[in-house]
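The block underneath contains the structure these notes are about, expressed in structure tokens.
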Amino acid sequence: MNILVTSGGTTEQIDQVRSITNTSTGRLCSLIAEEFGRSANVDKIFYVCSETALRPLSPKVKYYPVRSVNSLVDAVTEVLTKEKVDVIIHGMAVSDYRTRAVSSIEAVAEALKAKGEISAEALKAALDETSLDTEHTKISSDMANPMILMEKTPKVISLLRGLAPEAVIVGFKLLNDVPESTLLDVAHELLQKNDCDYVLANDLRDISGDRHVGYLLNKEKKYTCFATKQEIAAGIFQQTQKHRREAR
């Protein structure tokens with residue numbers, strides 16, 4: 001049995017020295033990987049992670065360090081097209097946005113003046129036209145009013161079922177300070193939309209060190225609640241193994 005785990009958080013570049021990062025230590029996913037690594041039934045664990053994510057110590061692990069969402073897509077696609085993967089744990093905190101353009105208020109104002117138009121489309125076009133080459137340089141610290149235009153990144157979780165039709169897929173959903181019913185509803189919507197088998201729903205207010213309240217939902221919206229990272233890791237391992245046994 002082979003396992004794919006994504007862990008940590010992605011980082012999107014603003015310029016050569018600045019970036020926007022999704023904060024995640026990868027602690028939970030490293031524990032999940034170690035839990036699978038202790039099983040005699042597991043042969044390989046493909047661990048796709050950010051450079052700073054905590055890494056499991058199992059000798060069964062092969063590491064795939066990534067940085068941006070694009071590099072995450074490339075790594076996941078490579079693993080799932082070259083290897084037979086039986087269980088996917090997609091726990092990485094993936095950036096929803098990446099930098100499209102970086103300019104200044106002054107440059108954008110001049111571009112809009114030249115266009116003689118003020119609209120959302122004109123503003124986006126002006127930002128594109130005046131954008132700096134931040135891939136090869138840094139924004140000057142003398143720029144008084146920088147503007148950053150962000151754009152949506154691809155949803156990695158939406159790619160998984162197409163790449164691994166037979167795999168057991170566990171997605172993750174993190175919200176902050178919402179009612180339990182809302183958390184469960186949103187997590188179940190994510191499960192249905194992306195054809196996951198399970199989603200681990202958690203609220204940022206309930207995470208502190210190894211204390212980590214998580215709800216593992218299935219397609220029928222039934223769930224098991226865990227109170228620590230260790231319990232979550234063990235619960236995900238046990239539930240995915242039960243799922244595979246029952247599917248045979």
Side-chain angles (χ1 to χ4, degrees), residues 3-34 45-56 61-83 85 87-102 131 134-136 138-139 146 148-164 167 169-176 186-187 189-191 193-196 198-204 207 212 214 229 232-233 236:
I3 315 299
L4 169 65
V5 179
T6 68
S7 178
T10 57
T11 297
E12 297 298 328
Q13 183 176 318
I14 296 175
D15 63 14
Q16 282 197 320
V17 299
R18 301 177 180 93
S19 59
I20 297 173
T21 302
N22 270 30
T23 56
S24 173
T25 65
R27 166 75 172 155
L28 175 57
C29 287
S30 70
L31 291 173
I32 293 170
E34 288 176 355
I45 301 172
F46 305 104
Y47 197 76
V48 180
C49 63
S50 58
E51 296 168 351
T52 58
L54 292 172
R55 299 188 176 191
V61 173
K62 181 177 181 181
Y63 298 104
Y64 292 78
V66 299
R67 182 173 174 83
S68 66
V69 175
N70 281 350
S71 62
L72 170 60
V73 170
D74 290 344
V76 167
T77 302
E78 178 185 344
V79 171
L80 294 179
T81 53
K82 291 183 178 180
E83 305 282 349
V85 172
V87 178
I88 300 172
I89 311 296
H90 182 43
M92 194 168 204
V94 181
S95 300
D96 291 317
Y97 301 94
R98 61 189 171 200
T99 304
R100 175 185 172 116
V102 179
S131 184
T134 53
E135 185 176 349
H136 300 101
K138 69 181 285 290
I139 303 168
I148 302 174
L149 176 63
M150 309 295 288
E151 64 181 3
K152 294 282 286 182
T153 58
K155 289 293 185 182
V156 179
I157 193 170
S158 68
L159 307 175
L160 299 179
R161 181 56 71 196
L163 291 167
I169 299 177
V170 182
F172 282 57
K173 188 62 184 181
L174 176 68
L175 296 179
N176 184 32
V186 172
E189 288 173 9
L190 177 74
L191 182 153
K193 182 178 180 180
N194 298 286
D195 197 13
C196 298
Y198 303 93
V199 167
L200 192 284
N202 40 188
D203 191 306
L204 191 60
I207 302 173
H212 191 141
K229 286 180 168 59
I232 292 172
I236 287 177

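These numbers were taken from a predicted model, which means no experiment stands behind them.
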Requested in this report: For Cys29 and Gly91, work out which heavy atoms get closest and say how close.
Outcome: SG-CA, 3.7 Å
Report task. Report the residues that fulfil salt bridge (Lys or Arg N to Asp or Glu O under 4.0 Å) with Arg18, sequence neighbours left out, ordered by chain and then residue number. Result -> Asp15
**Report entry** Shortest non-hydrogen contact between Ala53 and Gly8, atoms and distance
**Finding:** CB-CA, 3.8 Å
Query raised in the report: Can you check whether Leu159 reaches Val76 side chain to side chain, under 4.5 Å on heavy atoms?
Result: no
Requested in this report: State, to 0.1 Å, how close Ala164 and Ile88 come at their nearest heavy-atom pair, and which atoms those are.
Outcome: CB-CD1, 3.8 Å
**Report entry** Spacing of Thr6 atom OG1 and Tyr47 atom OH [to the nearest 0.5 Å]
**Finding:** 9.0 Å
Requested in this report: Answer yes if the side chains of Thr153 and Ser95 hold a donor-acceptor pair under 3.5 Å, and no otherwise.
Outcome: no
Query raised in the report: Is the backbone N or O of Gln13 less than 3.5 Å from a side-chain atom of Thr99, with the two atoms forming a donor-acceptor pair by type?
Result: yes
Requested in this report: May I ask you to test the Val66-Met92 pair for a side-chain heavy-atom distance under 4.5 Å?
Outcome: yes
Requested in this report: Can you sort out the partners of Glu151 under salt bridge (Lys or Arg N to Asp or Glu O under 4.0 Å), two or more places apart, ordered by chain and number?
Outcome: Arg98, Arg100
Query raised in the report: Is any side-chain heavy atom of Cys196 closer than 4.5 Å to a side-chain heavy atom of His90?
Result: no
Query raised in the report: For the residue pair Val73 and Pro154, what are the closest heavy atoms and their distance?
Result: CG2-CG, 4.4 Å
Report summary line: OH of Tyr97 to CD1 of Ile148, rounded to nearest 0.5 Å, is 14.5 Å
Query raised in the report: How long is the span from the NZ atom in Lys173 to the CG atom in Asn202, to the nearest 0.5 Å?
Result: 10.5 Å
Requested in this report: Side-chain contact test, heavy atoms from C-beta onward, threshold under 4.5 Å: evaluate it for Ile207 versus Leu174 and give yes or no.
Outcome: yes
Query raised in the report: Any side-chain heavy-atom pair from Lys229 and Ser30 closer than 4.5 angstrom?
Result: no
Query - Pairing residues for Glu189 by the salt bridge (Lys or Arg N to Asp or Glu O under 4.0 Å) criterion, not counting sequence neighbours - result: none
Query - Atom pair CG/CG of Asp203 and Asn176 - distance to nearest 0.5 Å - result: 6.0 Å
Query raised in the report: What pair of heavy atoms forms the shortest contact from Ile3 to Val85, and how long is it?
Result: C-CG1, 4.2 Å
Requested in this report: Side-chain contact test, heavy atoms from C-beta onward, threshold under 4.5 Å: evaluate it for Met150 versus Ile20 and give yes or no.
Outcome: yes
**Report entry** For the student: nearest non-hydrogen atoms of Pro65 and Arg55, plus distance
**Finding:** CG-NH2, 3.8 Å
Report summary line: Rounded to the nearest 0.5 angstrom, the CG-CD1 distance for Leu31 and Ile232 is 9.5 Å
Query raised in the report: Just one of Val69, Thr10, Thr77 clears the side-chain contact (heavy atoms from CB on, under 4.5 Å) bar with Val156, so which one?
Result: Val69
Query raised in the report: So does Lys193 have more than 12 non-hydrogen atoms from other groups sitting under 6.0 Å from NZ?
Result: no
Report task. Look up atom CG in Leu160 and atom CD1 in Ile169, then write down how far apart they are to the nearest 0.5 Å. Result -> 5.0 Å
Query raised in the report: Would a 4.5 Å heavy-atom cut-off, applied to side chains only, mark Asn22 and Glu12 as touching?
Result: no
